[in-house]
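I have placed the structure first, in the form of structure tokens, so that the comments after it can refer back to it.
The chains referred to below are lettered A, B, ... by the order of the sequence lines, with proteins before strands, and numbering in each begins at 1.
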Amino acid sequence: MRRIFPRIALAAALLAGVTAVSAADLVVSAASSLTDAFQAVGKAYEAKHPGTHVVLNFAASDVLLRQIASGAPADVFASADQTAMDKAVEAKAVDAATRKNFATNRLVLIVPADGKTAISSAADLKRADVHRVAYGDPASVPVGRYTRAALEASGLWDAVSAKGVLAQNVRQSLDYVARGEVDAGFVFATDAAIMKDKVTVAAVVPTPKPISYPVAVVAGSKQAGEAKAFEDFVLSNDGQAILKTFGFLAP
Amino acid sequence: MSAIWIPLALSLKVALWATAINLVLGVAVAFGLSRWRSPAREVVDSILTLPLVLPPTVLGYYLLVLLGRRGVFGEWLDRVGIQLVFTWQGAVIASTLVAFPLVQKAARAAFENVDPQLEDAARVLGLRELAVFFRVSLPLAARGITAGALLAFARALGEFGATLMIAGNLPGRTQTLSVAIYAAVQAGDDATAGTMVLVTSVTCVIALLLAGWLSPDRANIRRHRS
Amino acid sequence: MTVDVAIVKELSADDRRFTLDVAFSSDSRRIVLFGPSGAGKSLTLRAIAGLLTPDAGHIRVRNRVLFDASTGVDLAPRHRQVAYLFQDYALFPHLTVAQNIGFGLTSGLLNPSRRERGRAVAHWLDTFELRGIADSYPARISGGQRQRVALARALASEPGIVLLDEPFAALDPALRGRMRRELRELQARLDLQLLVITHDPDDVDALDGHTIEIRDGRLWEDARPPARDAGPLRTDIEPQ
């Protein structure tokens with residue numbers, strides 16, 4: 001036992017060193033659908049601002065909001081819908097003056113690429129041979145809210161929600177479809193694009209409200225200046241060009 | 001209130017099934033292990049204890065890979081029309097796996113505590129091995145097994161990680177109490193979450209109290225006075 | 001011969017090795033295996049009951065072959081028609097006195113009922129004057145009563161031979177004398193075939209049977225340098 005303790009202490013010290021957030025770290029809490037795009041944006045920003053390390057935290061927008069409202073040390077909040085950002089403003093979790101829309105997206109209906117069940121529109125989801133449909137939990141995931149609003153507008157919500165598998169974030173819906181565990185799912189067009197080999201877009205689903213992404217500096221950020229600089233970079237031509245390569249549309 | 005009762009009823013159903021399956025499986029495996037004289041015994045025991053220490057997400061992943069529609073067994077199951085992912089039966093499998101070591105360990109200790117002479121006495125009195133098990137070994141180990149089963153029930157009731165991965169979050173169908181709590185917290189519905197947390201805690205405390213009351217230590221004092 | 005035993009069994013545990021090599025036969029109704037503890041008496045008894053399989057030899061009781069290494073006969077304990085009285089009686093703690101006595105009379109996977117009891121159980125309860133405690137659990141009765149229950153349970157299945165492992169060792173000295181007389185009387189009354197193992201010379205005197213001495217896994221005579229021709233190991237001569 002005597003020999004084990006120093007090793008444990010060493011391992012603990014290494015882990016602590018790896019995970020600790022140091023002063024020059026800029027913590028960006030971004031919606032799950034931004035996972036790939038913001039990784040690229042973060043790298044580009046770091047290249048322009050040597051000495052700054054962008055730490056990315058991805059989850060469903062409402063989860064990020066809850067974390068920030070509970071005092072998580074984030075500097076920038078990028079949400080996938082206005083509702084989550086509205087809640088953040090209401091909770092005084094972000095600096096409302098810095099709120100800006102930086103991208104738009106589209107809602108798509110996807111099916112597994114092997115295409116066992118022929119689905120070409122949202123109306124097909126009512127059919128008896130469609131058993132399970134994945135979408136984000138409307139209570140906490142923006143893509144779920146968009147899905148619900150779109151299906152309610154077309155009178156399909158009751159039929160589809162009876163088959164609903166609630167995902168904790170948009171990437172989980174994507175994973176369910178990619179694994180073939182569900183017959184279809186609702187995700188953003190940008191999510192569908194990163195798994196082209198496993199999922200097929202069956203239809204683009206019109207939403208009553210446009211899908212637009214707002215970003216804001218977190219209230220009480222210790223690096224508000226740096227945070228604002230990151231936000232500006234996202235809105236700049238360079239930032240927009242990166243987002244475009246991942247399929248996001250201009251705000 | 002149905003926001004709480006439906007997940008609670010589902011959780012109880014899943015936990016009861018998981019406990020019942022574990023009573024049969026865990027007791028059979030424990031009895032086999034307690035009577036098996038082999039150096040491999042402890043290795044097998046360690047493997048069977050893995051669910052106790054592995055993260056539930058790892059177990060959930062294994063189950064997804066095995067039982068998913070494109071999984072090793074899942075593909076075959078799918079062909080015969082059985083789907084386990086996103087069903088309450090899937091939740092039962094996840095809970096069973098996670099709680100299995102609790103029954104197995106308790107049952108093995110209980111069987112090893114049974115005086116082998118009593119089993120010999122039963123043999124000489126004319127019983128075949130199966131009858132020795134049901135008439136002597138099992139009744140004498142019953143208390144310890146019951147205590148293990150109650151622990152397993154509490155564990156199954158609280159199971160979250162593996163359940164979420166294999167059974168998903170389908171309100172009214174696979175949304176157990178712990179999954180409902182998670183969803184409510186994420187949605188910021190603290191009132192619902194708080195009530196469900198209280199219900200879960202009270203149920204588990206009752207199960208633990210019962211398990212403690214039936215614990216093998218206390219039973220042994222009474223039994224081995226003879 | 002009523003009882004004819006010739007067995008060899010090698011046992012090893014970690015650093016210890018023990019060889020059991022005993023052979024005896026007897027027509028006595030009261031056979032006593034006498035020797036210090038660790039001599040191999042219990043092992044011999046377990047082998048006769050079928051709870052231990054010898055490496056070689058044979059076991060015959062009342063002309064039935066229970067075990068014969070040369071022909072591969074090895075009856076399961078339940079087919080041997082032997083009764084075994086364990087040193088601390090091995091009463092089933094989860095069953096009442098009446099259920100314990102009826103245990104071997106009930107086949108199947110369920111224990112005898114606590115309420116109904118058959119005529120045979122009633123008979124043995126009367127024989128051993130146990131009616132008053134028939135519904136008690138073993139933990140609640142005295143040492144002497146326990147021995148009677150164990151005997152009643154053993155005799156209920158009408159065995160060809162009763163094996164008794166240190167039957168009086170678990171009793172306090174005051175009770176011991178009385179139980180010795182009871183056993184002796186019972187043996188005579190029911191004409192039982194007994195095989196008793198003991199380390200206590202007083203038991204040997206009280207039972208007054210054919211005594212065979214065992215030490216260190218061997219018959220005591222055998223342990224001495226062979227004075228006679230090394231014929232088949234026999235000890236039908238009464239020592240002392």
Side-chain angles (χ1 to χ4, degrees), chain B residues 23-24 27-28 31-32 34-39 41-42 106-107 109-147 149 213-226, chain C residues 42 45-46 48-52 66 75-95 97 99-112 136-143 145-146 149-150 152-159 161-163 165 170:
Chain B
L23 270 176
V24 177
V27 165
F31 186 73
S34 72
R35 297 296 183 269
W36 188 32
R37 302 274 164 253
S38 160
R41 180 166 77 152
E42 297 313 316
F111 282 128
E112 282 173 357
N113 235 340
V114 173
D115 185 353
Q117 203 166 69
L118 294 175
E119 293 165 338
D120 278 346
R123 286 183 191 107
V124 177
L125 284 167
L127 267 60
R128 54 188 67 241
E129 287 305 311
L130 196 64
V132 174
F133 174 79
F134 279 110
R135 290 172 58 178
V136 178
S137 318
L138 189 61
L140 289 178
R143 271 186 98 92
I145 292 169
T146 311
W213 182 63
L214 288 168
S215 86
D217 291 344
R218 289 173 54 121
N220 279 346
I221 295 167
R222 275 175 235 155
R223 196 166 288 151
H224 286 284
R225 265 193 204 140
S226 56
Chain C
S42 288
L45 220 55
R46 290 176 61 78
I48 297 171
L51 301 171
L52 176 87
L66 305 185
L75 296 186
R78 65 175 191 276
H79 293 137
R80 292 200 175 197
Q81 292 167 15
V82 302
Y84 200 126
L85 195 78
F86 290 87
Q87 188 168 349
D88 43 15
Y89 313 132
L91 296 179
F92 302 116
H94 58 302
L95 301 178
V97 165
Q99 285 176 297
N100 262 283
I101 294 172
F103 190 88
L105 303 173
T106 313
S107 57
L109 300 182
L110 295 177
N111 281 316
S136 302
Y137 284 91
R140 307 235 166 224
I141 63 177
S142 74
Q145 287 170 329
R146 271 179 220 164
V149 175
R153 182 178 74 177
L155 297 179
S157 42
E158 294 175 7
I161 184 169
V162 185
L163 311 173
D165 188 350

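Within 6.0 Å of the CZ atom in B:Arg128, the count of heavy atoms belonging to other residues, nucleotides or ligands does not exceed 12. Crowding of B:Glu112 atom CD: a count of heavy atoms from other residues, nucleotides or ligands under 6.0 Å exceeding 12.
Within the 4.5 angstrom heavy-atom criterion, no atom of C:Arg140 approaches chain B. When heavy atoms are compared at a cutoff of 4.5 Å, C:Ser107 approaches chain B solely by way of its backbone atoms N, CA, C and O. In this structure, chain B has no heavy atom under 4.5 Å from any part of C:Ala76. Proximity to chain B involves both the backbone and the side chain of C:Leu109, based on heavy atoms less than 4.5 angstrom apart.
The greatest number of non-hydrogen atom pairs below 4.5 Å with chain B, out of C:Leu95, C:Leu110, C:Val82, is found for C:Leu110. Of all the listed residues (C:Tyr84, C:Phe103, C:Tyr89), the one sharing the greatest number of non-hydrogen pairs under 4.5 Å with chain B is C:Phe103.
Of all heavy-atom pairs spanning C:His94 and B:Pro139, the tightest one is CD2-CB, 3.4 Å. Nearest heavy-atom pair, C:Thr106 versus B:Arg135, reported as atom, atom and distance to 0.1 Å: O-NH1, 2.7 Å. Residues C:Phe92 and B:Leu118 come closest through the heavy atom pair CE2-O, 3.2 Å.
The distance from atom CG of C:Asp88 to atom CG of B:Asp115, rounded to the nearest 0.5 Å, is 7.0 Å. Taking CG from C:Leu51 and CD from B:Gln117, the interatomic distance works out to 9.5 Å, rounded to the nearest 0.5 Å.
Between the side chain of C:Arg78 and the backbone N or O of B:Ala122 there is no donor-acceptor pair closer than 3.5 Å.
Side-chain contact check for C:Arg80 versus B:Val124: every heavy-atom pair is 4.5 Å or farther apart. B:Leu125 places a side-chain heavy atom less than 4.5 Å from the side chain of C:Arg153.
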